[in-house]
Structure formats: structure tokens, C-alpha cells
2 protein chains.
Amino acid sequence: MSTAQGSQGLQLVESEAPDVVILDLGLPDMDGLDVLREVRRFSDVPVLVVTAKGDEVSRVKGLETGADDYIVKPFSHTELLARMRAVLRRSHLPQLWGDEGVVRGKGLSVDLAARRVFVDGQEAELTPSEWNLLSYFVRNEGRIIPLPVLAEKVWGSAYVESSSIKMCVRRLRLKLRDNTKSPQLVRSHRGLGYSFVMPRW
Amino acid sequence: MSTAQGSQGLQLVESEAPDVVILDLGLPDMDGLDVLREVRRFSDVPVLVVTAKGDEVSRVKGLETGADDYIVKPFSHTELLARMRAVLRRSHLPQLWGDEGVVRGKGLSVDLAARRVFVDGQEAELTPSEWNLLSYFVRNEGRIIPLPVLAEKVWGSAYVESSSIKMCVRRLRLKLRDNTKSPQLVRSHRGLGYSFVMPRW
DNA sequence: CCCTGTTGTTACCAAACCGTGACTTTTGTT
DNA sequence: AACAAAAGTCACGGTTTGGTAACAACAGGG
């Protein structure tokens with residue numbers, strides 16, 4: 001691992017193909033988000049964004065731009081390592097993707113190709129928008145997704161009321177039998193967005 | 001495997017006869033859908049379409065033009081591999097085709113060679129167009145097929161009123177004893193098309 | 001030419017779907 | 001404890017679309 005400035009960092013990512021990238025948004029040149037954008041154009045390497053304490057803005061911006069997780073300064077070694085491990089574990093998505101295009105977890109399996117979802121062995125009937133939402137979640141498992149990103153990616157760029165998204169999330173949770181109090185599948189992160197977690201076996 | 005631009009790609013497909021084609025619709029030089037259309041004029045090679053946009057539109061367009069599956073950028077290696085495996089599996093049509101040309105499921109067996117269908121052990125008499133529809137469904141089990149594709153593939157290229165297709169689906173459902181409310185065999189996917197699923201034993 | 005079975009068409013309906021805005025609950029902060 | 005902001009909930013209604021019925025067109029065989 002190594003540190004570098006903007007353009008150097010980009011070349012490094014391209015040539016070294018690292019397993020994970022730690023990107024400090026608090027650097028002087030402050031083009032950190034541009035770097036992230038560039039990286040995302042050719043790589044989906046997990047990116048862990050570092051922000052200063054209380055800097056809500058860049059945290060959210062980072063996630064919106066495609067970061068996988070964030071960590072606030074000051075942080076301890078152990079915390080950094082923990083975050084890295086988490087990000088790495090998610091990005092490898094072990095045998096999550098079966099031989100077919102089916103993603104399985106405890107009590108939940110999602111067939112991306114056939115558009116079918118099974119909850120505890122029983123098929124759940126999702127509406128189009130519910131399905132779009134779920135499939136986006138599944139393809140970005142474990143990542144916190146801000147509402148604006150969902151609006152863009154799932155509803156196709158249009159401006160969507162946040163309450164519409166909230167409703168869709170609700171209806172999806174119900175069909176997935178996700179306890180709406182303390183949900184385990186579709187989790188909300190106050191001020192940031194939603195994340196989807198595949199239940200471990 | 002190799003990458004190429006529009007026309008080069010076409011020649012490659014013709015000369016190399018690959019097992020699978022990955023087609024990026026976001027290429028600059030030429031409309032990817034045209035490439036796909038061209039390929040389909042002389043080859044049935046499985047095509048996996050890559051699209052940058054998360055919106056439903058370009059995906060559906062891809063499928064309508066004859067793609068076998070799609071994948072949205074950015075995607076992980078594991079996802080790409082999974083999709084490729086799935087596409088390849090489907091194209092080989094596993095052991096669903098029994099030793100004879102007979103496909104069996106719970107309470108339903110379809111003899112593709114002899115053009116006969118049995119529902120709960122009793123033979124069902126299908127009209128020609130019903131049969132064409134069913135056999136196409138069976139050969140594309142589990143895939144969602146947009147109405148335009150059905151028009152093209154089943155009715156032979158002509159422009160067919162969607163209501164005609166709907167009627168044929170209806171009559172087919174009736175003969176297969178598929179509950180027209182919440183059908184299990186021929187399923188409708190609002191805004192997308194129909195899919196056929198063989199009932200599991 | 002008529003009869004019969006098949007297929008396409010039109011018009012209509014019922015239901016699914018989804019967005020919205022008002023309202024309530026939760027959460028975190030002072 | 002009080003407050004404000006965020007997340008969640010509810011009920012309503014407009015729009016879409018797939019399903020349905022009845023009928024017309026058509027083809028082939030007797």
C-alpha cells in the first residue's frame with residue numbers, strides 16, 4: 001500500500017490493481033472526489049473514504065460518488081483494519097454468486113436473471129419498482145447508498161420525492177419479511193441512506 | 001476473447017465463432033444495438049450486453065434486440081463470470097431436454113419432437129399458434145421475453161398487435177390449467193413481457 | 001358453399017402499481 | 001426533558017396495463 005497525490009494515485013490504481021483503496025478527502029488539493037470519480041470509470045475496487053470529524057458533507061458526497069464505506073478522523077489502527085476487513089469481505093462476495101446468476105443468503109435467494117425472489121423457500125412477488133430497487137441493492141451489497149443515488153440509478157435520473165423511495169423501501173421490506181422495526185436486510189443509516197445486507201448462513 | 005470496435009467485432013464473431021459475446025452498448029463509434037442486430041442475422045451466439053446506464057430502458061432494448069442477458073456497469077469480476085456461466089448454461093440447455101426431446105415438470109410434460117403436451121397425465125390439444133408459443137417458451141424457460149420478441153420469434157417477424165399475443169397467452173394458460181389469476185406457468189411481468197417456468201417436482 | 005375451428009380485433013374493466021402529502025414515531029443533540 | 005430533523009407510516013387517488021368477453025375475419029375440409 002502507498003500514498004500519493006491525485007494523478008499519481010490514479011496511475012497507481014491502474015497499474016497496481018490494489019485490493020482496496022484508502023482515499024483521504026481532507027487533503028489540501030481537495031480534488032479527492034474527482035479522483036474517486038476517475039477511479040470509478042475503470043475500476044470497481046473497494047474505496048474506503050477518510051473524512052475529518054464533523055465533515056458531514058464530504059462523507060455524503062463520498063458515498064454518492066461511489067465510495068464503499070467511510071471512516072472519520074481521528075481513528076485507531078484497529079478501527080481502520082476492521083473497516084478494511086469488512087470492505088474486503090464484502091467485495092469478494094465469496095460464493096455469494098452461485099453458478100447461475102443466483103445470489104443466496106440465509107432464508108433469501110435472489111435470481112437476478114429470472115427476476116425471482118425466494119423468502120424462506122417461498123416465492124415473493126415483487127412489483128417492477130420493488131424489483132429494480134432490490135436488484136440494485138443486491139448488486140451493491142453492504143454499501144451505503146444515499147437517496148439521491150437511488151433516485152438516479154433505480155428511478156432513472158428523474159427527481160423523485162424521498163417519500164416515494166421510502167415507501168418503496170417499506171413495501172420491499174414487508175415482502176422480504178424484514179422486520180420493519182430494526183430491519184436486518186434493508187438498513188437505514190440516518191442522514192446517509194440505505195444499505196442492503198445479505199444474511200449470513 | 002478480445003475487444004474490438006463495431007465492424008471489426010462483427011467480422012471477429014463471424015470468423016472466430018466464439019462461445020459467448022460481451023457487447024458494451026456504451027461504445028463511442030457505433031450504436032451497439034445495430035451491432036447486435038447484425039450479429040443476430042447470422043449467428044445465435046449468446047450475447048451478454050453491458051450497459052452503463054442503470055435505467056430500465058436500455059436494458060429492455062437490449063433484450064428486445066436479442067441479447068441473452070445484461071449486466072450493468074460498474075460490475076465485479078465475480079458478477080461477470082456468474083453471468084457468463086449462466087448464459088452459457090442456458091445456451092446449452094442442460095438436461096432439461098431429456099434423452100428424448102421431452103421436457104418434464106410437476107404435472108406438465110412437453111414433447112417437443114412429437115408436438116404433444118400432457119397436463120396432469122392428460123393430453124391437451126393445442127392449436128398451431130398456441131403450440132408455437134409454448135414451444136418457444138419451453139426453449140427459453142425462465143427468461144423474460146418482451147412482447148416484441150415474441151412477435152418476432154413466434155409470429156415470424158410480422159408486427160403483431162399486443163392484444164393478439166395476450167389472447168394467445170390466455171388460451172394457452174387455459175389449456176395448461178394455469179390459474180389465470182396468479183399464473184404459475186406463464187407469468188406476466190408488468191411492462192416487460194412474459195416468462196415461462198417449469199413447475200418443480 | 002357452408003360449417004367448423006382457429007386467430008385477430010375492438011372495447012371495456014378490474015386491478016395493480018406507485019406517487020404524494022399529511023401525519024406519527026424515532027433518534028440524536030442541546 | 002425538550003426539541004428538531006430524519007425515518008417511517010397511512011390512506012387516497014390517478015394512471016397504466018394486463019385480462020376478459022364478444023365478435024369478426026379467415027381458412028380448410030366436407
Side-chain angles (χ1 to χ4, degrees), chain A residues 53-54 56-57 59-60 63 72 115 117 124-134 136 144-151 154-176 178-196, chain B residues 55-57 60 115 117 124-134 136 144-148 150-151 154-196:
Chain A
K53 173 172 177 286
E56 294 267 340
V57 187
R59 214 188 328 165
V60 175
L63 291 175
V72 281
R115 285 197 164 224
V117 192
E125 314 258 354
L126 298 193
T127 70
S129 58
E130 284 156 13
W131 172 264
N132 292 342
L133 183 59
L134 175 61
Y136 186 80
I144 297 175
I145 305 155
L147 293 218
V149 175
L150 285 179
V154 178
W155 273 261
S157 175
Y159 171 72
V160 190
E161 282 295 334
S162 67
S163 60
S164 308
I165 301 181
K166 286 195 267 183
M167 274 314 298
C168 195
V169 165
R170 167 174 172 72
R171 300 199 246 247
L172 180 59
R173 277 174 176 160
L174 289 174
K175 293 198 181 173
L176 298 184
D178 198 10
N179 187 353
T180 54
K181 312 290 183 188
S182 77
Q184 298 302 299
L185 271 30
V186 183
R187 306 182 176 184
S188 30
H189 305 261
R190 194 185 178 85
L192 295 175
Y194 292 99
S195 77
F196 176 81
Chain B
D55 71 307
E56 204 61 17
V57 187
V60 174
R115 291 201 152 219
V117 193
E125 311 266 353
L126 298 193
T127 70
S129 60
E130 284 157 13
W131 171 262
N132 292 340
L133 183 58
L134 175 61
Y136 185 79
I144 294 170
I145 305 154
L147 294 216
L150 285 179
V154 179
W155 274 261
S157 176
Y159 172 70
V160 188
E161 283 292 337
S162 67
S163 54
S164 310
I165 302 180
K166 284 197 275 184
M167 276 314 301
C168 196
V169 165
R170 167 173 171 73
R171 300 200 247 248
L172 180 58
R173 276 175 177 161
L174 289 174
K175 293 198 181 173
L176 298 183
R177 302 237 184 83
D178 198 9
N179 186 354
T180 54
K181 306 290 183 188
S182 78
Q184 297 302 298
L185 271 30
V186 183
R187 305 182 174 194
S188 30
H189 303 260
R190 182 171 262 248
L192 293 175
Y194 292 98
S195 78
F196 176 82

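Here is the naming used below: chain letters follow the sequence lines, and residue numbers restart at 1 for every chain.
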- Message: Would you compute the distance between atom CG of B:L192 and atom CZ of B:R187 and round it to the nearest 0.5 angstrom?
- Response: 14.5 Å
- Message: Please report the interatomic distance CD1(B:I165) to CG(B:L147), rounded to the nearest 0.5 Å.
- Response: 5.0 Å
- Of all residues at least two apart in sequence or in a different chain, which pass the side-chain contact (heavy atoms from CB on, under 4.5 Å) check with A:P128? B:R190
- B:R171: side-chain hydrogen bond (donor to acceptor under 3.5 Å, both in side chains) partners, not counting sequence neighbours: none
- side-chain hydrogen bond (donor to acceptor under 3.5 Å, both in side chains) filter on A:K175, not counting sequence neighbours, yields A:E130
- Could you check if a side-chain atom of A:L133 sits within less than 4.5 angstrom of a side-chain atom of A:V186, using non-hydrogen atoms only? no
- Short side-chain N/O contact from B:S162 to OP1 or OP2 of D:dG18, under 4.0 Å: no
- Message: Any heavy-atom pair between the side chains of B:V160 and B:L150 that's under 4.5 Å?
- Response: no
- Estimate the overall bend of the helix from C:dC1-D:dG30 to C:dT30-D:dA1 from the end axes over five pairs each, rounded to 10 degrees. 20°
- Item | Residue whose nearest DNA chain C nucleotide is more 5′ - B:E130 or A:T127 | B:E130
Can you name the atoms? Protein N/O to nucleotides 2-6 of chain D N/O, anything below 3.5 Å, with the distance.
{"from": "D:dA5", "atom 1": "N3", "to": "A:R190", "atom 2": "NH2", "distance (Å)": "3.1"}
{"from": "D:dA6", "atom 1": "O4'", "to": "A:R190", "atom 2": "NH2", "distance (Å)": "3.4"}

- Atom pair distance, as rounded to whole Å: CG in A:L174 and P in D:dA7: 18 Å
- Quick one: side-chain contact (heavy atoms from CB on, under 4.5 Å) partners of A:P183, sequence neighbours excluded? A:R173, A:D178
- Message: Just verifying a value: how many Å separate A:Q184 CD and A:N179 CG, rounded to the nearest 0.5 Å?
- Response: 8.0 Å
- To the nearest angstrom, how far is B:E161 atom CD from D:dT20 atom C1'? 17 Å
- Message: Check the phosphate of D:dG8 against A:S163, side-chain N and O only, distance under 4.0 Å to OP1 or OP2. Yes or no?
- Response: no
- A:W155 side chain near A:C168 side chain, heavy-atom distance below 4.5 Å: yes
- Message: Just the rounded figure in Å: distance from P of D:dT20 to CG of B:D178.
- Response: 11 Å
- Note on the structure: Value for CZ (B:R115) from CG (B:L126), rounded to nearest 0.5 Å, stands at 9.5 Å
- State which residues pass side-chain hydrogen bond (donor to acceptor under 3.5 Å, both in side chains) with B:E161; sequence neighbours excluded, sorted by chain then number. none
- Indicate whether OP1 or OP2 belonging to D:dG18 is found under 4.0 Å from a side-chain N or O atom of B:R170. no
- Task: Using the side-chain contact (heavy atoms from CB on, under 4.5 Å) rule, take A:L63 and A:V149 through it: C-alpha gap first, then chi angles, then the decisive distance, then the call.
- Result: CA-CA 9 Å; A:L63 291 175; A:V149 175; over 6 Å; no
All N/O pairs under 3.5 Å across the protein-nucleotides 25-30 of chain D interface:
none

- Query: Listed by chain and number, what are the salt bridge (charged side-chain N to carboxylate O under 4.0 Å, His left out) partners of A:R170, not counting sequence neighbours?
  - Reply: none
- Task: Please list residues of residues 179-187 of chain B whose heavy atoms come under 4.0 Å from any atom in DNA chain C, ordered by number; otherwise none.
- Result: none
- Query: Could you give the CE-to-P distance, from B:M167 to D:dA21, as a whole number of Å?
  - Reply: 9 Å
- Counting any heavy atom closer than 4.0 Å, what does B:S164 reach on the DNA or RNA strands: base, sugar-phosphate only, or nothing? base
- Message: So, using side-chain hydrogen bond (donor to acceptor under 3.5 Å, both in side chains) as the criterion, who are the partners of A:S195 when residues are at least two apart?
- Response: A:H189
- Note on the structure: By nearest-nucleotide position on DNA chain D, the 5'-leaning member of A:S188 and A:R171 is A:S188
- Value in whole Å for how far the P atom of D:dT9 lies from CD1 of A:I165: 16 Å
- Boundaries of the DNA chain C segment in contact with chain B, non-hydrogen, under 4.0 Å: C:dT6 to C:dC17
- Item | Gap between atom CZ of B:F196 and atom CG of B:L172 - 0.5 Å precision | 8.0 Å
